[in-house]
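Contents: one structure, followed by commentary.
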Amino acid sequence: MVTCLALIASCSRSSGDSSATTPRAHPHRKPPKAPVVPPPPPADFILRAGDSEGDHVITEGRFGEPQAFANTGIPPEVLAECGHGDDRELAVRLELTTIVQSSLPVKVGLGNFHSGAEANNETRFVMDYTEGPTCLSQAVTTETQVELGRLYPHDPHPFTVWVILNEALTPDHPVPSAKTLGEGWSMAIPILAPDGYPDIKTTGQGPRVISCEQEPFIVPAGTPPTTAAIGTEGENAPCTVQIKPVPAF
């Protein structure tokens with residue numbers, strides 16, 4: 001009888017003393033914070049296009065720093081098509097992000113990749129297609145050159161282009177200045193083509209969209225020029241940065 005009572009008492013003491021096995025709560029401990037994702041840098045240019053059916057598309061472009069061909073990771077055979085083979089080219093990475101702002105999916109294309117009207121030197125492009133990089137080695141028209149596919153509303157679609165600055169390195173400028181790059185190379189404003197219609201007007205604004213009394217163009221590297229030569233008599237025209245706000249669609 002004594003043994004049974006002793007066992008019951010021992011069990012009671014063991015079950016009642018839970019402080020040794022139950023972890024204590026920490027009311028002041030805060031849960032770990034989620035990692036902060038920095039916002040993308042401001043766009044160097046913004047393209048907008050829309051049609052009468054209600055399809056509206058916006059593309060943001062951001063340039064990297066000029067670098068040597070060997071540092072781009074592009075296959076040598078592709079670079080050979082876009083360069084002159086004399087190691088005097090520079091390449092600038094261009095990240096394009098396209099967003100459909102209408103309520104339904106729309107097929108989107110991008111075209112008009114060629115040197116700008118004010119370019120003193122040739123500008124070419126390497127398109128980073130899914131099947132592999134491809135050089136646009138010849139001057140092209142406004143025909144769509146990049147098919148982004150069927151894009152869904154408010155879902156950002158990235159696409160990478162390498163802008164090739166031919167003859168950027170010369171004996172006089174082995175390390176070209178920002179002024180030299182900005183005045184020597186440019187690109188036309190890409191044309192957005194919702195539903196395959198490249199004739200829809202595309203507007204471009206941003207700190208690298210320039211107008212010098214002719215068609216606006218984009219400066220991919222260096223400092224955008226303040227003046228540009230016009231005509232054949234050496235006259236100069238003032239250049240204006242196209243940063244006027246455009247109403248959202």
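Only this structure's heavy atoms are used, side chains among them; waters, hydrogens and symmetry mates stay out. Position 1 is the first residue of the sequence, and the numbers go up from there.
Between F113 and T123, the closest side-chain pair of non-hydrogen atoms is not below 4.5 Å. Proximity of T59 to P190: side-chain heavy atoms (C-beta onward) are nowhere separated by under 4.5 Å. Counting only heavy atoms from C-beta outward, the side chains of V163 and L165 approach each other to under 4.5 Å. At a threshold of 4.5 Å between non-hydrogen side-chain atoms, the residues C239 and T226 do not count as touching. Under the 4.5 Å side-chain criterion, counting only non-hydrogen atoms from C-beta, I210 is in contact with V241. With contacts defined as side-chain heavy-atom distances shorter than 4.5 Å, the pair M187/L94 qualifies. Two residues are said to be in side-chain contact when any heavy atoms from C-beta on lie closer than 4.5 Å; C212 and F217 meet this criterion. The closest side-chain heavy-atom distance from Q67 to T72 is below 4.5 Å.
Here the shortest heavy-atom pairing between R48 and Q101 reads NH1-OE1, 4.3 Å. Residues P225 and E183 approach most closely at CB-CG, 4.0 Å, considering heavy atoms. Closest approach of A68 to L90, counting heavy atoms only: N-CD2, 4.2 Å. The two atoms that bring V126 and C82 nearest to each other are CG2-SG, 3.7 Å, heavy atoms only. Taking each heavy atom of N166 and W185 in turn, the nearest pair found is O-NE1, 2.9 Å. Considering every non-hydrogen atom in both L192 and V57, the closest pair reads CD1-O, 3.8 Å.
Rounding to the nearest 0.5 angstrom, the gap separating the CG atom in N121 from the OG1 atom in T180 is 10.5 Å. Taking CZ of F69 as the reference point, atom CD1 of I74 lies at 7.0 Å (rounded to 0.5 Å). Rounding to the nearest 0.5 angstrom, the gap separating the OG1 atom in T160 from the CG atom in L96 is 8.0 Å. Taking OG1 of T97 as the start and NE2 of H157 as the end, the distance is 9.5 Å to the nearest 0.5 Å. Going from atom CD of E147 over to atom CE of M127 covers 11.5 Å, rounded to the nearest 0.5 Å. Taking CD of E65 as the reference point, atom CG of N71 lies at 13.0 Å (rounded to 0.5 Å).
Using a 4.5 Å cut-off between side-chain heavy atoms of Ile, Leu, Val, Met, Phe, Trp and Tyr, with links allowed through other members, W162 and V92 fall into different hydrophobic clusters. Criterion: ILVMFWY side-chain heavy atoms under 4.5 Å apart, direct or through other members. Under it, L47 and L151 are part of a common hydrophobic cluster.
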How far apart are the C-alpha atoms of L148 and V146, what are their side-chain angles, what is the distance that settles it, and do they pass the side chain to side chain contact (heavy atoms under 4.5 Å, CB included) test?
CA-CA 6 Å; L148 300 180; V146 180; 3.6 Å; yes

### Task
Decide side chain to side chain contact (heavy atoms under 4.5 Å, CB included) for T203 and Q205; before the verdict, give the C-alpha distance in whole Å, the side-chain angles of both, and the deciding distance to 0.1 Å.
CA-CA 7 Å; T203 60; Q205 276 77 31; 3.9 Å; yes

Determine, step by step, whether V106 and R150 satisfy the side chain to side chain contact (heavy atoms under 4.5 Å, CB included) criterion, reporting the C-alpha distance in whole Å, the side-chain angles of both residues, the deciding distance to 0.1 Å, and the verdict. CA-CA 5 Å; V106 58; R150 190 173 179 82; over 6 Å; no

- Query: Going through the checks in order, is the side chain to side chain contact (heavy atoms under 4.5 Å, CB included) test met by I218 and I189?
  - Reply: CA-CA 6 Å; I218 297 174; I189 293 180; 4.0 Å; yes

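In this structure a side-chain-to-backbone donor-acceptor pair under 3.5 Å is present from R124 to E81. Side-chain atoms of D44 come within 3.5 Å of backbone N or O of F63 as a donor-acceptor pair.
Heavy atoms from other residues, nucleotides or ligands lying under 6.0 Å from CG of D87 number 12 at most. The local environment of OH in Y129 is crowded, with over 12 non-hydrogen atoms from other residues, nucleotides or ligands closer than 6.0 Å.
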